[in-house]
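Read through the structure below, which is laid out as structure tokens, and then see the notes.
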Amino acid sequence: MLKTYLPLALTFIFFLPLTAQDLSGSLFSKETNESIPYASVEIGKNYGVITNNEGEFQINVDRFTEKDSLRFSSLGYQSTRIALKDFVQDTIIYLKEDVSELEDVYLINKKLSPQEIMAKVNENLAKNYNYSLRQYDLFIRNESDNEILDAEFEINKATFLEKKVTKKFNTELEELLKTTKNVTSKSYSEKFIRVSLGEKIDSLKVDIQKATVLKDTTQSSDVESFSSEVMKKIGQNLNSENTFKVKSGILPIDDSLKVGKKFKVQTKKSDSIYTKNLKESYVDYFKYNDKLNLGKFDFVREYEDYAYTIEDITGFNGEMVYILSFEPDRGRADYLGQLYVSAESFAIIKAEYHLEEGEKASGINMKFLLGIKAEQTKDTGLIIFKKNENNTYDPVYAKSETNQYIYFNRSFKFKENTEDRSKRIKFKFDMLVENQSNMNTEILFVNSSPVTSEQFNSIEENKGKKLDYIRKYDASVWEGYNIISPDRELEEFEL
């Protein structure tokens with residue numbers, strides 16, 4: 001009996017996982033001594049992280065053993081491996097530049113024009129990017145800056161308020177504006193979720209595992225928060241069981257608005273994040289024509305509107321890769337950037353893009369007609385993919401930076417629906433808000449794996465997760481999770 005179980009016991013001890021730990025380090029170029037951002041740090045199949053914009057990384061290795069090794073790779077560099085037993089915490093890893101004669105050899109054998117390459121990219125989109133029956137672990141970090149550039153609110157008529165009360169009310173609002181205008185508030189939110197996709201993308205399931213918020217909830221520096229504060233003050237003074245007719249200028253808004261319900265705004269911070277809301281926002285990430293397979297962008301679909309140039313050719317993860325630059329060639333083209341295209345499958349494995357100076361991603365300007373203007377003046381991004389076991393491409397990392405400007409200047413009239421006209425409440429006010437916001441979003445696809453229809457059908461979603469509000473970044477909050485390493489600004493941020 002002892003002879004039977006001794007080999008099994010030794011095998012178990014030999015392959016016993018390492019003590020629970022998160023490993024961290026930095027990647028640098030050996031030639032230039034500069035950090036390498038957005039490089040791949042992998043261990044095992046389809047499991048890994050990306051270095052942040054400062055070349056730093058952290059990865060959890062609880063599920064692996066000393067026999068496993070970390071693989072470090074980046075376009076333009078030779079990959080290298082370090083065994084877990086040899087890894088020194090917070091070490092600096094240097095990658096050598098990948099200098100080869102691929103360009104001369106490959107382009108002689110198979111020389112394609114940039115337009116021919118882009119035509120093949122479009123021909124192969126559906127084949128290269130297929131998210132059906134797959135599961136992903138995602139870490140998402142959002143950073144936002146909000147600033148109210150201007151804000152005004154004035155009550156012109158309020159039959160439910162005495163004149164002296166109206167004056168006091170306007171004074172209170174002026175004080176609110178003083179503390180709100182030209183104040184920038186910064187906030188961070190982070191969450192770790194598991195996304196499972198069935199045969200149809202719309203059948204996506206979400207499991208929220210953890211969510212944190214680093215935000216000053218006492219400041220009102222965005223349109224929504226400012227409006228809530230204003231409406232809260234109105235709700236403290238306006239009481240009616242009747243409905244109201246509402247107009248904005250000459251435009252009818254509602255004939256039977258329940259003002260109490262609308263104006264008594266709940267300004268208490270939300271303490272939960274709900275699966276239903278998150279699910280709706282992430283369905284589009286995986287649909288065929290959306291960002292993660294690049295079908296949305298006109299520099300892929302409408303490539304003939306752009307001037308493409310082959311800048312170089314290199315090797316990455318066993319594939320030869322074209323490096324293409326692009327810029328607008330026709331009036332309706334708006335973006336500049338680079339694409340990295342596999343010479344074998346014609347999949348885009350990396351894309352960097354930004355709006356041409358002076359262009360807008362979207363916008364509406366009816367400032368003089370309706371008092372409304374909204375525009376997105378910045379759209380910058382980076383998307384990275386990796387070939388999986390099915391020879392299709394999974395997203396690895398997506399980053400976007402946007403800027404939005406909103407101008408809203410309208411007058412509103414409320415008239416109570418009541419038969420007694422002598423006691424009818426009438427309320428009129430003017431409201432102006434000018435807001436600017438910047439949003440940075442990073443998505444790390446930590447792990448990807450196939451699922452069967454039966455496995456997908458058996459997956460149960462949770463309803464949501466309690467939000468952890470924090471006032472200072474704390475690395476221990478994410479211990480045991482694979483995340484994007486925080487940069488210096490986030491590490492030092494404190495409310």
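The chain is numbered in sequence order, starting from 1. For the numbers below, each heavy atom of this structure counts, side chains included, while hydrogens, waters and symmetry mates do not.
Here CZ of Arg301 is found 10.5 Å from CE of Met118. Values are rounded to the nearest 0.5 Å. If you take CD1 on Ile348 and CD1 on Ile117, they are separated by 11.0 Å, rounding to the nearest 0.5 Å. Here the OH atom belonging to Tyr473 is positioned 13.5 Å from the CD atom belonging to Glu489, to the nearest 0.5 angstrom. Annotation: the span from Ser79 atom OG to Lys96 atom NZ amounts to 12.0 Å, rounded to 0.5 Å. Rounded to the nearest 0.5 angstrom, Ser35 OG and Leu27 CG are separated by 9.5 Å. The distance from the CD atom of Gln404 to the CD1 atom of Ile406 is 4.5 Å, given to the nearest 0.5 Å.
Under the 30°/60° scheme for interplanar angles, the aromatic rings of Tyr136 and Phe445 are found to stand perpendicular. Using a 30° and 60° split on the angle between ring planes, Trp478 and Phe192 fall in the tilted class, from 30° to 60°. Using cut-offs of 30° and 60° on the angle between ring planes, the pair Tyr94 and Phe28 is tilted.
Between Glu42 and Arg71 there is a salt bridge, with a side-chain nitrogen of the basic residue lying less than 4.0 Å from a carboxylate oxygen of the acidic one. Between Glu389 and Arg134 there is a salt bridge, since a side-chain N of the basic residue sits under 4.0 Å from a carboxylate O of the acidic one. Under the 4.0 Å criterion applied to side-chain N and carboxylate O atoms, Lys186 and Asp145 are assigned as salt-bridge partners.
Using modelled atom types, no side-chain atom of Asp86 and backbone atom of Ile82 make a donor-acceptor pair closer than 3.5 Å. Between the side chain of Asn462 and the main chain of Ile208, a donor-acceptor pair closer than 3.5 Å is present. The backbone N or O of Gly25 sits nowhere less than 3.5 Å from a side-chain atom of Thr91 that would complete a donor-acceptor pair. At least one donor-acceptor pair closer than 3.5 Å links the side chain of Asn128 to the backbone N or O of Ser345. Here the side chain of Glu31 pairs a donor or acceptor atom with the backbone of Glu97 at under 3.5 angstrom. Not a single donor-acceptor pair under 3.5 Å links the side chain of Asn122 to the backbone N or O of Ala119. Of the possible polar contacts, one joining the Asn365 side chain to the Lys367 backbone as a donor-acceptor pair under 3.5 Å is found. Here the side chain of Lys205 pairs a donor or acceptor atom with the backbone of Ile459 at under 3.5 angstrom. Remark: the backbone N or O of Tyr306 is not paired with any side-chain donor or acceptor of Tyr335 at under 3.5 angstrom. A donor-acceptor pair is defined here as one N or O able to donate and one able to accept, closer than 3.5 Å; such a pair exists between the side chain of Thr51 and the backbone of Ile36.
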Practice task
Show the numbers, then the answer: is there a side-chain contact (heavy atoms from CB on, under 4.5 Å) between Val477 and Lys210?
Solution key: CA-CA 10 Å; Val477 170; Lys210 191 177 184 64; 3.5 Å; yes
Practice task
Decide yes or no on side-chain contact (heavy atoms from CB on, under 4.5 Å) for Gln89 and Leu23, but give the supporting numbers first.
Solution key: CA-CA 6 Å; Gln89 187 73 310; Leu23 302 182; 3.8 Å; yes
Handout entry: Audit row: Asp394, Lys386, side-chain contact (heavy atoms from CB on, under 4.5 Å) steps and yes/no
Key = CA-CA 5 Å; Asp394 282 327; Lys386 179 190 172 185; 5.6 Å; no
Exercise for the section: Would you please test Asn142 and Ser144 for side-chain contact (heavy atoms from CB on, under 4.5 Å) and show each step? Expected result: CA-CA 7 Å; Asn142 291 309; Ser144 66; over 6 Å; no
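A heavy-atom distance below 4.5 Å is not found between the side chains of Pro114 and Thr309. With a 4.5 Å cut-off on side-chain heavy atoms, Tyr303 and Leu324 do not count as touching. Annotation: side chain of Leu355 is not in contact with side chain of Thr380 (no heavy-atom distance under 4.5 Å). At a threshold of 4.5 Å between non-hydrogen side-chain atoms, the residues Glu461 and Val206 count as touching. No side-chain heavy atom of Leu70 sits under 4.5 Å from any side-chain heavy atom of Ile93. Within the 4.5 Å cutoff, the side chain of Val61 has no heavy atoms near those of the Asp68 side chain. The side-chain heavy atoms of Leu133 and Ser453, taken from C-beta on, include a pair separated by under 4.5 Å. For the pair Arg141 and Ile483, the minimum side-chain heavy-atom distance is below 4.5 Å.
The side-chain hydrogen bond (donor to acceptor under 3.5 Å, both in side chains) test applied to Glu401 returns Lys378, not counting sequence neighbours. Residues passing the ring-ring contact (aromatic ring centres under 6.0 Å, His included) test with Tyr77, sequence neighbours excluded: none. With sequence neighbours excluded, the residues forming a side-chain hydrogen bond (donor to acceptor under 3.5 Å, both in side chains) with Tyr405 are Glu434, listed by chain and number. Remark: Asp90 pairs with Ser24 by the side-chain hydrogen bond (donor to acceptor under 3.5 Å, both in side chains) rule, at least two apart or across chains. The side-chain hydrogen bond (donor to acceptor under 3.5 Å, both in side chains) search around Ser196 returns Gln135, not counting sequence neighbours.
At a cut-off of 3.5 Å, with distance as the only test, no side-chain donor of Thr402 or Gln376 sits close to an acceptor on the other residue. Side-chain contact of Tyr38 with Lys399: a donor-acceptor pair under 3.5 Å is present, judged by distance alone. In this model, a donor atom of one side chain and an acceptor atom of the other lie less than 3.5 Å apart for Asn403 and Thr377. Side chains of Glu442 and Tyr397: a donor on one and an acceptor on the other come within 3.5 Å. Under the 3.5 Å distance criterion, with hydrogens and angles disregarded, no donor-acceptor pair is assigned to the side chains of Asn52 and Asp487. Neither side chain, Thr392 nor Asn390, offers a donor N or O lying under 3.5 Å from an acceptor on the other.
Looking at every heavy atom in both residues, Ile148 comes nearest to Asn435 through CG1-OD1, 3.7 Å. Smallest separation of non-hydrogen atoms from Phe456 and Ser203: CZ-O, 2.7 Å. Nearest heavy-atom pair across Tyr340 and Glu352 is OH-OE1, 3.4 Å. Summarising the geometry of Tyr129 relative to Ala347, their closest heavy-atom pair is OH-C, 3.6 Å, with the distance given to 0.1 Å. The two residues Glu116 and Leu112 make their nearest non-hydrogen contact at OE1-CA, 3.5 Å. In plain terms, the two heavy atoms of Asn482 and Asn60 that are nearest each other are OD1-N, 2.6 Å.
A salt bridge (charged side-chain N to carboxylate O under 4.0 Å, His left out) check over residues 192-201, counting only residues at least two apart or in different chains, returns the pairs Asp137-Arg194.
In this structure, Tyr188 has its ring center under 6.0 Å from that of Phe493.
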